[in-house]
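Scroll down for the structure; my scribbles are underneath it.
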Number of protein chains: 4
Amino acid sequence: MKQPIQTKEKIITSARKLFSEKGFKGATTAAIAKSAGISEGTIYRHFTSKEELLAACVIPVLEDLVEKMDIDFSKIQDLRKLVMTVLQIRLESFERHYETFRILFNELPYSQEMLNGYLSFLAQQESRLSRMTEHIQMLGNFSRSRNYMIFGLGQIMSLWLLVNFKEWQKDEKLAFSGGMLHISEDHILDDLADYILYGISGVPGKEHESRD
Amino acid sequence: MKQPIQTKEKIITSARKLFSEKGFKGATTAAIAKSAGISEGTIYRHFTSKEELLAACVIPVLEDLVEKMDIDFSKIQDLRKLVMTVLQIRLESFERHYETFRILFNELPYSQEMLNGYLSFLAQQESRLSRMTEHIQMLGNFSRSRNYMIFGLGQIMSLWLLVNFKEWQKDEKLAFSGGMLHISEDHILDDLADYILYGISGVPGKEHESRD
Amino acid sequence: MKQPIQTKEKIITSARKLFSEKGFKGATTAAIAKSAGISEGTIYRHFTSKEELLAACVIPVLEDLVEKMDIDFSKIQDLRKLVMTVLQIRLESFERHYETFRILFNELPYSQEMLNGYLSFLAQQESRLSRMTEHIQMLGNFSRSRNYMIFGLGQIMSLWLLVNFKEWQKDEKLAFSGGMLHISEDHILDDLADYILYGISGVPGKEHESRD
Amino acid sequence: MKQPIQTKEKIITSARKLFSEKGFKGATTAAIAKSAGISEGTIYRHFTSKEELLAACVIPVLEDLVEKMDIDFSKIQDLRKLVMTVLQIRLESFERHYETFRILFNELPYSQEMLNGYLSFLAQQESRLSRMTEHIQMLGNFSRSRNYMIFGLGQIMSLWLLVNFKEWQKDEKLAFSGGMLHISEDHILDDLADYILYGISGVPGKEHESRD
DNA sequence: TATGAATGAGCCTTCATTCAT
DNA sequence: TATGAATGAAGGCTCATTCAT
């Protein structure tokens, strides 16, 4: 028996790349097979359909994420550190699994299955987040803004947009200068933490800077 | 003469619906024609290609947006009010043109043309936003956080997610209860304004509420 | 009543041009209507089908030809002159009705109807040619080569090719230099008459020239 | 492995037949597939487009012709024999590759590509023909008629017409009796050679026959 | 008579999937 | 398990023809 597992992995890797670049419908099984260096028929030895292959591209990453998120935040006593930690984990995930997240976010609207999958992922995170929120309140006697969770998701989207802009620049697909959006990567997580904690009013007591 | 304009509008309306539901590739010209109650060939008397039809679905809305954004913010002297105004306009746009924005955001990654179109739209808004930011600073002696623009985009995405959740519920496509995310629509813009202004630390001096 | 005859003629003229350029299938009714400056529906006021329009392009010219050929060759007493006359008439026809002949020859293979039409035209000419042949023999005591009629058709094709080469050059469609085929138009009919009368052995008694 | 080569050949054979009968536009891929006993999609595993299939029908025959024409005429010392040889080769080509030549001649006017291809074929033959002509002159001290090449093409067209008449009769597509044109196939090449050498004045010294 | 919007059958082409080897 | 030729159901698009005005 030749390495069937390697073959399966090769297919998934190629599929992930092409699904992310061209979308689910835009990536043909022929292109995937060619990119994986195998024949078209072989795909159907390992997956019963193109849809199943799509799932195989996304699910393991999602599972990996759940695992990665399994951190005991209760040990973190500094609120800012806690926020930073969460942001860092997310940013890292987006960067490491860029292709998978592109697939996820782009196909989500068309696939009830993926949508439910992702929402159940969010639901799993919910209790964790609730606990974290309590922890946050305890730490800083902060008000918990109503609707904070959806605002938080939006914040996460900032990170996702950032990663996308970076990837686009890498591919030189974009005449776009990050400059237009005044993105300075060096401090982005610090700034985002400040923003989350204090909004545009800034850190209390800290001198107002006029930087951009 | 039969009503040529009505026909064209019917096609665009049907196309917008189907493009938004199934994506550009997923919506077939046959389905669009059927939904519009006309024959497939008729589409091609009004548009030279499916791509052109897509453009016809998106462009007028974008132009409408540019117009809608043409507000003189300098007259607004209250910072909170200014933030609320911007958020309200965006939320209204998302709600009124839900289908078009779905198309826009979902096809953006695959269409260099649309991407460039949207980025140039953003660029147009940039100087306006810069001026507004200065105005903001003047109003409240607020620090302008570095990277504020990308954070702002993320905040806008919160609104976009909100509209999506609402539409999904409307279609009963979703077993999802907004409750999971603790969304209470009544105060959402108020809360978001607070969040943008002061972050999770909340409005200074205001009693911390523990509501959700 | 506006000039319906003019309209009909305009349609035929445009159709002739387009059928000749693009072929019957390649010329669309839309293009014909546009070129004629009328609407597509109007074509069907004057012709029941595209096929009928094709016939209307070809038939009048064919009838005109029959008329033109109605010359009393018996009065011509010089054989060379007789041959020249026939060639001249044909060349003139090809030049004047270039478009129609293009249609005729190009669509002949696909249209049983046109083929039969053209063959019956040939058949009509047959008795005339027979009489002419007898006349020829009488004039010059020439042998009548067996199969002379099909050879004669081939000779006529030389003229047709000539006209085509000229038209192609006119359109600059062709990098082709008539030079390659050593065509010198000035003497072409003279030379062809010589060729028909004496073949490549040349006119007896005449000095052999080494011209090209 | 199934027989891929056989399949490709089957497609070409069917395409050649249908292109020749109905023309390029008149022959549909569906009809070709059905005639070849394969599915429509299979055509596109072997050819990237209908145009490429057309080329595949024509090119090999043209290449075969070039090869066939590679005869050393200098060894032929009898002029009549030389002429006969050339005519025989051409007639044989027309008969063997009847379908291909029909395609070639019928599509030539609409395809710049095929036209250029065929003209470059003619150009290749030109130097050969020039040499042959010199050879002819040497052999018989014959005059080289100006414009001989285009007249020669016309003569070749005689053969082409002949083959067409024969094929039409074979298909019983034609009420046409070759008799009308007084074609007697037995001696046709002999007669054509005579005609080319001596025109309608006939072979000098030979009794004038009054046969038809 | 003239219009031109509408039609719908049919064209070329693509692509996920199957199956004999 | 792997192959790759074959499939056939669409897909986007064209165009001769019709018909209400």
Side-chain angles (χ1 to χ4, degrees), chain A residues 1-5 7-8 24-34 37-53, chain B residues 1-8 11 25-33 36-51 53, chain C residues 1-5 7-8 24-34 37-53, chain D residues 1-8 11 25-33 36-51 53:
Chain A
M1 178 169 39
K2 292 169 197 172
Q3 317 92 330
I5 298 163
T7 301
K8 194 160 188 169
F24 178 69
K25 297 224 169 187
T28 67
T29 51
I32 293 167
K34 193 181 173 187
I38 49 112
S39 83
E40 228 176 322
T42 302
I43 291 177
Y44 289 85
R45 299 252 140 225
H46 295 275
F47 308 94
T48 61
S49 70
K50 204 186 172 191
E51 269 80 12
E52 205 194 82
L53 174 54
Chain B
M1 181 171 34
K2 295 169 194 174
Q3 317 91 325
I5 297 161
Q6 264 191 41
T7 302
K8 192 160 189 167
I11 294 171
K25 298 215 172 181
T28 68
T29 51
I32 292 167
I38 48 113
S39 83
E40 218 172 331
T42 300
I43 292 177
Y44 289 89
R45 296 203 118 262
H46 295 276
F47 306 95
T48 60
S49 68
K50 205 184 170 191
E51 265 84 10
L53 175 55
Chain C
M1 175 170 43
K2 293 171 195 171
Q3 318 91 329
I5 297 164
T7 301
K8 194 159 187 167
F24 178 69
K25 298 226 169 185
T28 68
T29 51
I32 292 167
K34 193 181 174 188
I38 49 112
S39 83
E40 227 177 323
T42 303
I43 292 177
Y44 289 86
R45 298 250 142 230
H46 295 276
F47 307 94
T48 60
S49 70
K50 204 186 173 191
E51 270 80 13
E52 204 194 82
L53 174 55
Chain D
M1 180 172 37
K2 293 170 196 175
Q3 319 90 327
I5 297 163
Q6 265 193 41
T7 301
K8 192 159 189 169
I11 294 171
K25 297 216 173 182
T28 68
T29 51
I32 292 167
I38 48 114
S39 83
E40 220 172 330
T42 301
I43 292 176
Y44 290 86
R45 297 203 117 261
H46 294 276
F47 307 94
T48 60
S49 69
K50 205 184 170 193
E51 266 82 11
L53 175 54

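The sequence lines fix the lettering, A, B, ..., with proteins before strands; numbering per chain opens at 1. The basis for the numbers below is simple: all heavy atoms, side chains too, and nothing from hydrogens, waters or symmetry mates.
An OP1 or OP2 oxygen of F/dA2 is reached within less than 4.0 angstrom by a side-chain nitrogen or oxygen of A/Thr7. Taking side-chain N and O atoms only, C/Thr29 has a distance below 4.0 Å to OP1 or OP2 of F/dA16. Residue C/His46 places none of its side-chain N or O atoms closer than 4.0 Å to OP1 or OP2 of E/dT1. Between C/Thr42 and E/dA2 there is no side-chain polar atom (N or O) within less than 4.0 angstrom of OP1 or OP2. The side chain of D/Arg45 contributes an N or O atom lying less than 4.0 Å from OP1 or OP2 of F/dA5.
Here the closest heavy-atom approach between residue C/Lys50 and residue C/Ala27 is recorded as NZ-O, 2.8 Å. Here the closest heavy-atom approach between residue C/Ile38 and residue C/Ile43 is recorded as CD1-CG1, 3.9 Å.
Annotation: side chain to side chain donor-acceptor pair (under 3.5 Å) contacts of C/Glu51 (sequence neighbours excluded): none.
Distance from the side chain of A/Ser49 is smallest to E/dT17 among E/dA2, E/dT17, F/dG12. Side-chain proximity of D/Tyr44 to E/dA2, F/dG12, E/dT13: nearest is E/dT13. Taking every side-chain heavy atom of B/Ser39 into account, E/dG8 is the closest of E/dT13, E/dG8, F/dG12. Taking only side-chain atoms of D/Ile38, from C-beta outward, the nucleotide of F/dT7, F/dG11, F/dC13 with the closest atom is F/dT7.
Between the side chain of B/Lys25 and the main chain of A/Phe24, no donor-acceptor pair closer than 3.5 Å is present.
Protein atom CD of C/Glu40 is 15 Å distant from nucleotide atom P of F/dC19, rounded to whole Å. Counting to the nearest Å, the P atom of E/dA6 and the CD atom of B/Gln6 are 10 Å from each other. Look at NZ on C/Lys8: it is 11 Å from P on E/dA2, rounded to the nearest Å. One interatomic measurement links the two molecules: CD of B/Glu51 to C1' of F/dG12, which rounds to 10 Å at whole-angstrom precision. When the P atom of E/dT14 is taken as reference, atom NZ of A/Lys50 falls 15 Å away, rounded to whole Å. Computed from coordinates, the B/Phe47 CZ to F/dT14 P distance equals 15 Å when rounded to whole Å. Atom pair C/Lys25:NZ and E/dG10:P shows a separation of 12 Å (rounding to whole Å applied).
Residue contacts shown for C/Ala27 are limited to sugar-phosphate atoms, with no base heavy atom under 4.0 Å away.
Proximity of C/Thr29 to C/Leu53: side-chain heavy atoms (C-beta onward) are nowhere separated by under 4.5 Å.
Along DNA chain E, the nucleotide closest to A/Thr48 and the one closest to D/Thr48 are compared, and the more 5′ of them pairs with D/Thr48. Residue D/Ile43 is the one, among C/Gly26 and D/Ile43, whose nearest nucleotide of DNA chain F lies closer to the 5' end (criterion: closest heavy atom).
Taking a pair as Watson-Crick or G-U with both hydrogen-bonding distances under 3.5 Å, the stems of three or more pairs touching DNA chain E are E:2-21 with F:2-21.
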